[in-house]
Amino acid sequence: MEKSNMQKLMDKILSGDRRAFAQGISVIEDRRKGWQELLNEAYKNMNDHALIIGITGPGGAGKSTLTDKIITEYRKLGKKVGVIAVDPSSPFSGGAVLGDRVRMGAHNTDANVFIRSLGSRGCIGGISEGTKRVLYLFKTFDFDVILVESLGVGQDETEITNFVDVTLVALVPGFGDSIQMAKAGIQEIGDIFIVNKSDHPDAELFTNQLKFSFGDMPIEERPPIINTVASEGKGLDELMEAIAGVVPKEYARREEKTKRRIHIEIESEILEKIMDTARDVIGQKAKLVFDSENKITPYDVAAEIIAGISFQEK
Ligand SMILES: Nc1nc2c(ncn2[C@@H]2O[C@H](COP(=O)(O)OP(=O)(O)O)[C@@H](O)[C@H]2O)c(=O)[nH]1
Ligand SMILES: [Mg+2]
């Protein structure tokens, strides 16, 4: 049987063709014709070879700068590195981000580094649907390490932990206090905490507050806290050591995380499909509820909408 265009594209990607890979990312990110087929192919062809590292934290914490330095460290070890950077500042462009290009610019000519910035469309904090899908394509491309830079701190981010092996949380002195951080739920998501911009006068105080916020946890469960000055490459050795230190434990959790990830994937796929189908009708029905002066309720119309949805592929 003749192969479809997407199968042909997948073959090229699997053969290591960078241009085909870049094209495939665009197909999936922009949901171009055939994207679901390509995503399916990617899912079937992905491997578990790469160590996947998520870097999350508030904007301006130095995530891109850290990513750049981490790339350098892995390149010194001869590793092939893929980077997915989610840029929240360009939700509409959906395209490449100059800032990250510049910050990670030194690697642009390195054939063993592939950096792709994505828009954060459809992403309310945390890891976007687009990022997850593109990550599957990255997992077909035989990287040794895949870095996923995403913006956010708090509960919204918990999801990322199921898609990566190691989650780095980058914080900076001056970002709230430990109580606020505890409220934001970041303790649960970080496998390693980075206090970047440790050249800041409040760095020591902040680091102590952060340590204190882990006080309730058994010592052996407390995540490492690493002080860095990413812009000067300081603390990178310690960070790389810390990553290597947590990898065995995180690899042991791969199966458990994969199961949870699959669950999340099915769930969000269903929600997305329903919302795609229902979006217009919700608007109409909302008006109906309003105009009925509460004779008709949101619950009535939701039940009606769900009953009417056909789950066949459009
Ligand atoms: N003083 C200081 N500035 C830093 C450090 N790391 C990054 N920066 C600067 O902080 C700004 C934001 O960095 P960026 O990596 O884009 O942060 P992101 O938004 O988290 O990706 C840039 O101007 C960096 O040069 C650091 O350790 N110390
Ligand atoms: Mg950035």
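No experiment lies behind these values; they were computed from the predicted model shown. Below, all heavy atoms of this structure are taken into account, side chains as well, without hydrogens, waters or symmetry copies. In listed order, ligands and their atoms are each counted from 1.
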Query - Other cluster members, Phe290 - Ile/Leu/Val/Met/Phe/Trp/Tyr, side-chain contacts below 4.5 Å - result: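 Members alongside Phe290: none; it stands by itself.
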Query raised in the report: side-chain contact (heavy atoms from CB on, under 4.5 Å) between Asn112 and Lys80: does it pass, once the steps are laid out?
Result: CA-CA 5 Å; Asn112 289 304; Lys80 199 171 163 187; 4.0 Å; yes
Query - Pairs satisfying ring-ring contact (aromatic ring centres under 6.0 Å, His included), at least one member in residues 9-44, at least two apart - result: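 As it turns out, the ring-ring contact (aromatic ring centres under 6.0 Å, His included) pairs with a partner in residues 9-44, which skip direct neighbours, are Phe21-Phe114, Phe21-Phe138, Phe21-Phe141, Phe21-Phe143, Tyr43-Tyr136.
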Report task. Taking all heavy atoms of Lys69 and all of Ser231, pick out the closest pair and write down the distance. Result ->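 That closest heavy-atom pairing would be NZ-O, 4.0 Å.
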Query raised in the report: Which bit of Asp199 gets closer than 4.0 Å to ligand 1, counting heavy atoms only: side chain, backbone, both or neither?
Result: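 Within the 4.0 Å criterion, Asp199 contacts ligand 1 through side-chain atoms alone.
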If the cut-off is 4.0 Å to any non-hydrogen atom of [X], which atoms of ligand 1 fall inside it?
X	answer
Ala61	17 (O), 20 (O)
Ser64	15 (O), 18 (P), 21 (O)
Glu149	21 (O)
Val229	26 (C), 27 (O), 28 (N)
Ala230	6 (N), 26 (C), 27 (O)

Query raised in the report: Would you say ligand 1 has an N or O under 3.5 Å from any N or O of Gly59?
Result: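 In this structure, Gly59 places no N or O atom under 3.5 Å from an N or O of ligand 1.
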Requested in this report: Would you kindly confirm whether Val301 and Val281 end up in one hydrophobic cluster when ILVMFWY residues are joined by side chain heavy atoms under 4.5 Å apart?
Outcome: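 No; Val281 is not reachable from Val301 via cluster members.
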Requested in this report: For the pair Val27 and Met6, evaluate side-chain contact (heavy atoms from CB on, under 4.5 Å) and give the outcome as yes or no after the intermediate values.
Outcome: CA-CA 10 Å; Val27 167; Met6 287 303 138; 4.2 Å; yes
Query - Rounded to 10 degrees, the angle OE2 of Glu149 makes with OG of Ser64 at the Mg ion (ligand 2) - result: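 Between OE2 of Glu149 and OG of Ser64, at the Mg ion (ligand 2), the angle is about 80°.
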